[in-house]
Amino acid sequence: MSHRWERVRRSSRAVAGLLAAGLLLTACTGPAAEPKTTAPAAAPTPSGPLKVSVITHGTAGDAFWNVVKNGAEQAGKDLGVQVEYTSDGDPGAQAKLIDNAVAQQTGGLVVSMANPEALRPSIEAAVRAGIPVITINSGEDKSAEYGALTHVGQNESIAGQEAGKKFKDLGKHKLLCVIHEAGNVGQAQRCDGAKAGFAGTVQTLQVDISNPTDAESRIRGAVQTDSSIDAVLTLNSQVAARAVSAIKSVNSKAQVATFDLNSDVVAAIKAGDVLFAVDQQQYEQGYLPVEFLKLYRDNANVVGGGKPVLTGPDLVDKSTVDKVGQYVQRGTR
């Protein structure tokens, strides 16, 4: 009997050994139905000067975006950061610029998102690659969702409300809001905000900023056809000049206000041709993100706790235009 029990004990130990080996193998390989998710690779620790790529949807020669560029480049000089500014008004081409910057292992990205959905894959790819991103100007509501550290700009809805309220306080009754970039979410938000702040009727007009003559013609046609329009809100300083010219050509009673400043708008406010300008202080939209990215790299700071950092609105009218105008002349407002 003792020999038989000995054989049983030996057999049990052998089975236990096989089971242990099987469990070890299972622990090494894991269940086939639940593959392990690989986390994005961490970005390499940067060395040397920080390189920041600023990629906007600005069009060539646009005075607004020239001020953004001035801000970014000045921040680079002040902080010892290498800044490369590029832009393209076409969302697909802008996405390619982002992809190229990621491929070249830029140290940080600053991106305006007039068309957020078109840029989403490129921005999310940059975040996965470990490149910190800060969005500016447009796309505030999608910034955190896409993985950006923060957004720097003006809240377009709030700015639109302030413009609409200003027209209301001036006793206007019918407002024409002129959109110059189709598909730009920020411009739609501005006009929607103006509707919220304005007590009277608001209608929108679509023009093309790349065709100034046609834009002027469309504005002229709108105020000529509807003589009850007594207020025109443009969303760009260059379009404002066209609106003033259009209104004068048909002796319309409408008065113009605009978003953004340039030297022509300053002169027009002084002359009484433009009532006020909604200044989002875009120099800050160029300067601050470069500073924020350097702080993030050097000290792991996230300014604003990830919440948007607002640069406007600041309403400029006859009472403040002389002071602000000097900064417009030097390209910082």
Side-chain angles (χ1 to χ4, degrees), residues 62-68 71 136-138 140 151-180 184 186-202 204 219 229-244 247 254-288 308-333:
D62 189 319
F64 176 92
W65 289 105
N66 286 342
V67 175
V68 175
I136 63 169
N137 185 261
S138 304
E140 173 192 328
H151 178 83
V152 178
Q154 147 179 289
N155 183 285
E156 304 293 15
S157 297
I158 293 174
Q161 289 175 28
E162 290 299 312
K165 184 177 181 298
K166 181 72 171 178
F167 271 128
K168 174 186 174 182
D169 293 343
L170 291 169
K172 303 303 178 182
H173 299 94
K174 188 165 187 178
L175 172 62
L176 179 70
C177 191
V178 184
I179 296 174
H180 61 268
N184 186 323
Q187 293 188 20
Q189 289 166 351
R190 288 178 180 181
C191 286
D192 288 344
K195 290 178 184 178
F198 189 63
T201 303
V202 178
T204 59
I219 296 169
I229 295 174
D230 57 0
V232 175
L233 179 63
T234 63
L235 309 182
N236 172 277
S237 53
Q238 292 168 295
V239 179
R242 293 291 175 168
V244 168
I247 287 168
Q255 291 183 289
V256 177
T258 188
F259 277 72
D260 306 333
L261 282 170
N262 64 10
S263 57
D264 291 335
V265 171
V266 168
I269 292 174
K270 290 181 179 180
D273 292 330
V274 171
L275 292 175
F276 62 89
V278 183
D279 182 21
Q280 61 179 296
Q281 303 179 110
Q282 70 270 26
Y283 185 83
E284 295 178 354
Q285 296 175 20
Y287 194 104
L288 292 178
V309 176
L310 300 185
T311 64
D314 179 38
L315 298 187
V316 179
D317 58 17
K318 269 195 170 182
S319 67
T320 56
V321 70
D322 287 334
K323 181 177 181 179
V324 174
Q326 61 184 314
Y327 305 122
V328 173
Q329 292 297 325
R330 74 179 188 188
T332 59
R333 285 292 289 267

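All values reported here derive from a predicted model rather than from experimental measurement.
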Could you grab the distance from atom CG of Asp169 to atom CZ of Phe198, nearest 0.5 Å is fine? 10.5 Å
Could you tell me whether the side chain of Val239 reaches within less than 4.5 Å of the side chain of Ile219, counting heavy atoms only? yes
Is the NZ atom of Lys195 crowded by more than 12 outside heavy atoms at less than 6.0 Å? yes
Before giving the answer on side chain to side chain contact (heavy atoms under 4.5 Å, CB included), spell out for Leu310 and Asn155 the whole-Å C-alpha distance, their side-chain angles and the decisive distance to 0.1 Å. CA-CA 7 Å; Leu310 300 185; Asn155 183 285; 4.2 Å; yes
May I ask you to test the Asn184-Ile179 pair for a side-chain heavy-atom distance under 4.5 Å? no
Counterpart residues, ring pair (Phe, Tyr, Trp, His ring centres under 6.0 Å), relative to Phe276 (two or more places apart): Phe167
Answer whether the closest heavy-atom distance between the side chains of Arg242 and Val178 falls below 4.5 Å. no
Which pair of heavy atoms, one from Val67 and one from Gly331, lies closest together, and at what distance? CG1-O, 3.7 Å
Asn137: which residues meet the side-chain hydrogen bond (donor to acceptor under 3.5 Å, both in side chains) condition with it, sequence neighbours left out? Gln280, Gln285
When rounded to the nearest 0.5 angstrom, what distance separates CD in Gln161 from CG in Asp192? 10.0 Å
Apply the test side chain to side chain contact (heavy atoms under 4.5 Å, CB included) to residues Lys323 and Arg333: give CA-CA distance (whole Å), side-chain angles for both, the deciding distance (0.1 Å), then the verdict. CA-CA 11 Å; Lys323 181 177 181 179; Arg333 285 292 289 267; over 6 Å; no
Can you see which heavy atom on Val202 is nearest to which on Ala194, and at what distance? CG2-O, 4.5 Å
Can you tell me how far the NZ atom of Lys166 sits from the NZ atom of Lys172, to the nearest 0.5 Å? 12.0 Å
Heavy-atom pair with the smallest gap, counting every atom of Ala163 and Phe259: CB-CE1, 4.5 Å
So how far is it from Asp273 CG to Ile247 CD1, rounded to the nearest 0.5 Å? 9.5 Å
Check whether Glu140 reaches the backbone of Gly153 with its side chain - one donor and one acceptor, N or O, closer than 3.5 Å. no
Hits for ring pair (Phe, Tyr, Trp, His ring centres under 6.0 Å) against Tyr287, two or more places apart or cross-chain, chain-then-number order -> none
Measure the OG1-CG distance between Thr311 and Leu288 for me, rounded to the nearest 0.5 Å. 8.0 Å
Closest non-hydrogen atom pair, Ala240 against Val256: O-CG1, 4.4 Å
Quick check on side-chain hydrogen bond (donor to acceptor under 3.5 Å, both in side chains): which of Asp264, Asn236, Thr234 does Thr258 satisfy it with? Thr234
May I have the step-by-step check of side chain to side chain contact (heavy atoms under 4.5 Å, CB included) for Gln154 and Val278, ending in yes or no? CA-CA 10 Å; Gln154 147 179 289; Val278 183; 4.0 Å; yes
Does any N or O in the side chain of Thr332 come within less than 3.5 Å of the main-chain N or O of Tyr327, such that one atom is a donor and the other an acceptor? yes
Please walk me through it: do Val244 and Val274 pass side chain to side chain contact (heavy atoms under 4.5 Å, CB included)? CA-CA 8 Å; Val244 168; Val274 171; 3.9 Å; yes
Distance check, rounded to the nearest 0.5 Å: Leu235 atom CG versus Cys177 atom SG? 4.5 Å
Does Lys168, at its NZ atom, have more than 12 non-hydrogen atoms belonging to other residues, nucleotides or ligands within less than 6.0 Å? no
Over all atoms of both residues, closest heavy-atom pair of Asn262 and Ala63: CB-CB, 4.2 Å
Heavy-atom closest contact (Val316 atom, Val321 atom, distance): CG1-CA, 3.9 Å
